[in-house]
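Note sheet for the following structure.
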Amino acid sequence: GGLEWLRDQAFLDAGALVGGGEVRRAGGVAWRGVFVRRLAEPFILVPGPRPVRLPFPFDVGVAVAAGGVRWEQARQRRLDVEVVRAALWLDLVRLGLPLRHAAFGPELAYGVAVERAVRPVHLVTPFSAGALDLRAETADGLWAASLAGRAGAALQVPGRWRRFSAGELLVERVVLALNDQPLAAFLSLDGRDGPQDRRVAVTAGLRLMLQWRRWGVAGPR
């Protein structure tokens with residue numbers, strides 16, 4: 001009893017870093033979503049002649065991103081395409097944490113690096129990585145902070161297994177709303193360490209979000 005689906009979705013999320021009148025870095029994702037299945041009393045069912053129902057402290061769900069691209073001026077002939085990435089979530093929020101969601105789980109992904117006059121490089125992560133995602137918001141929704149991280153190993157084709165890690169700490173504050181569409185100031189610290197990308201960057205800026213958001217079944221927020 002008490003079943004509901006909690007969900008967050010974003011479409012066409014893109015951004016660019018501009019300096020000295022030139023685009024230094026750009027990227028985005030066509031769609032991403034988080035879907036969590038919440039039961040009033042979650043459980044694990046052990047089948048058998050007399051099924052055993054065991055209490056389970058987590059909600060379960062999935063986080064998916066599709067159609068991601070990334071480009072950097074330092075490697076302007078190359079485009080990194082993240083075809084799909086998905087993680088199976090175990091969400092801890094029901095334990096009383098003051099967070100919108102706090103989830104972790106194994107991840108699978110497929111991406112390809114395309115470069116002019118060079119054979120494409122494929123990267124496959126067959127549940128050989130783990131992901132963590134934390135997000136907190138104030139009650140009025142004007143302040144938000146998130147921490148996301150991934151680490152594990154990916155199979156590079158042609159090539160071999162490669163270790164990678166990536167993470168981002170983001171703080172944002174809504175400063176203005178244009179017809180109820182929020183304009184937010186943000187500060188981001190993100191880093192990557194992998195076979196095709198290694199960097200640490202601090203970014204500050206503004207972003208306008210044209211949004212249609214729902215969380216749960218209570219209605220739009």
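All values below were derived from every heavy atom in this structure, side-chain atoms included, with hydrogens, water molecules and symmetry-related copies excluded. If you read the sequence from its start, that first residue is 1, and numbering goes on from there.
Taking both residues in full, the closest heavy atoms of G20 and R24 are given as N-NH2, 4.2 Å, listed atom of the first, atom of the second, then distance. Between A131 and W89 the shortest heavy-atom distance is O-CZ3, 3.6 Å. The minimum heavy-atom distance linking V124 with Y110 is given by the pair CG2-CD1, 3.9 Å. Of all non-hydrogen atoms in A103 and L134, the two that sit nearest each other are N-CD2, 4.4 Å. The minimum heavy-atom distance between L187 and A204, with the atom names listed, is CD1-CB, 3.9 Å. Residues T203 and R25 come closest through the heavy atom pair OG1-NH2, 3.5 Å.
V118 and L79 fall into different hydrophobic clusters, where Ile, Leu, Val, Met, Phe, Trp and Tyr are joined by side-chain heavy atoms under 4.5 Å apart, directly or via other members. Linking Ile, Leu, Val, Met, Phe, Trp and Tyr whenever their side-chain heavy atoms come within less than 4.5 Å puts L169 and F104 in one cluster. Placement of W71 and V69 within a single hydrophobic cluster is found when ILVMFWY residues are connected by side-chain heavy-atom separations under 4.5 Å, directly or transitively. A chain of hydrophobic side-chain contacts below 4.5 Å, direct or via other Ile, Leu, Val, Met, Phe, Trp or Tyr residues, connects L3 to F43. The cluster map of Ile, Leu, Val, Met, Phe, Trp and Tyr, joined by side-chain heavy atoms under 4.5 Å apart, puts L88 and L108 in the same cluster.
Taken from CG in L99 to CD in E137, the straight-line distance is 10.5 Å, to the nearest 0.5 Å. Note that the CZ atom of F58 and the CG atom of L39 stand 15.0 Å from one another [nearest 0.5 Å]. Put simply, CG on D13 and CH2 on W31 are 13.5 Å apart, with the number rounded to the nearest 0.5 Å. Atom CZ of R37 and atom CZ of R7 lie 14.5 Å apart (nearest 0.5 Å). A distance of 6.5 Å separates CZ of R38 from CD of E4, quoted to the nearest 0.5 Å. Taking CG of L132 as the start and CD of E107 as the end, the distance is 11.5 Å to the nearest 0.5 Å.
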Trace of the side chain to side chain contact (heavy atoms under 4.5 Å, CB included) decision for L90 with V60
CA-CA 5 Å; L90 295 177; V60 297; 3.8 Å; yes
Applying salt bridge (Lys or Arg N to Asp or Glu O under 4.0 Å), run through E168 and R135 and close with a yes or a no.
CA-CA 12 Å; E168 180 185 32; R135 183 172 178 85; over 6 Å; no
Might you work through the side chain to side chain contact (heavy atoms under 4.5 Å, CB included) test for F164 and T125, ending with a clear yes or no?
CA-CA 10 Å; F164 74 89; T125 308; 4.2 Å; yes
Under the side chain to side chain contact (heavy atoms under 4.5 Å, CB included) rule, what do V52 and I44 come out as? Steps first, then yes or no, please.
CA-CA 8 Å; V52 179; I44 295 176; over 6 Å; no
L54 and V46: CA distance, side-chain angles, deciding distance, side chain to side chain contact (heavy atoms under 4.5 Å, CB included) verdict
CA-CA 8 Å; L54 303 174; V46 180; 4.1 Å; yes
The test is salt bridge (Lys or Arg N to Asp or Glu O under 4.0 Å); show your working for R32 and D8 and say whether it passes.
CA-CA 8 Å; R32 66 166 172 247; D8 271 337; over 6 Å; no
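The closest side-chain heavy-atom distance from R199 to D190 is below 4.5 Å.
Counting non-hydrogen atoms of neighbouring residues, nucleotides and ligands closer than 6.0 angstrom, the CD atom of Q73 exceeds 12 such neighbours.
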